[in-house]
Amino acid sequence: MITPTHVNIMLDAKTNNTLDASAKRNGRSKRKEAEVRLIDHLERFDEMGMGVKGRDKTDK
């Protein structure tokens, strides 16, 4: 079993406001919203180069 961890980050004001608004729209705490969005991002994008998983990066 993988042990959960905590990650602390600094956000600029614009990103913080966007995250806060998104959390409110989705009925989640800002912490939970950040968690859900980070997991989604890491699952959808590859580790190198930010390409979408399963898609050729040369496709435009």
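This chain uses plain numbering: 1 for the first residue, then up along the sequence. Any value given below was found using the heavy atoms of this structure, including those in side chains, with hydrogens, waters and symmetry copies removed.
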Run the side-chain hydrogen bond (donor to acceptor under 3.5 Å, both in side chains) test against Arg37 and tell me which residues pass, sequence neighbours left out. Ser22, Glu33
Report yes or no: do Leu19 and Ile9 belong to one cluster of Ile/Leu/Val/Met/Phe/Trp/Tyr joined by side chain heavy-atom distances under 4.5 Å? yes
Within the side chain of Asp40, is there an N or O that forms a donor-acceptor pair under 3.5 Å with the backbone of Val36? no
Could you tell me whether a side-chain N or O of Asp12 sits under 3.5 Å from a main-chain N or O of Lys14, the two making a donor and an acceptor? yes
Is it true that the side chains of Lys30 and Asn16 contain a donor and an acceptor less than 3.5 Å apart? yes
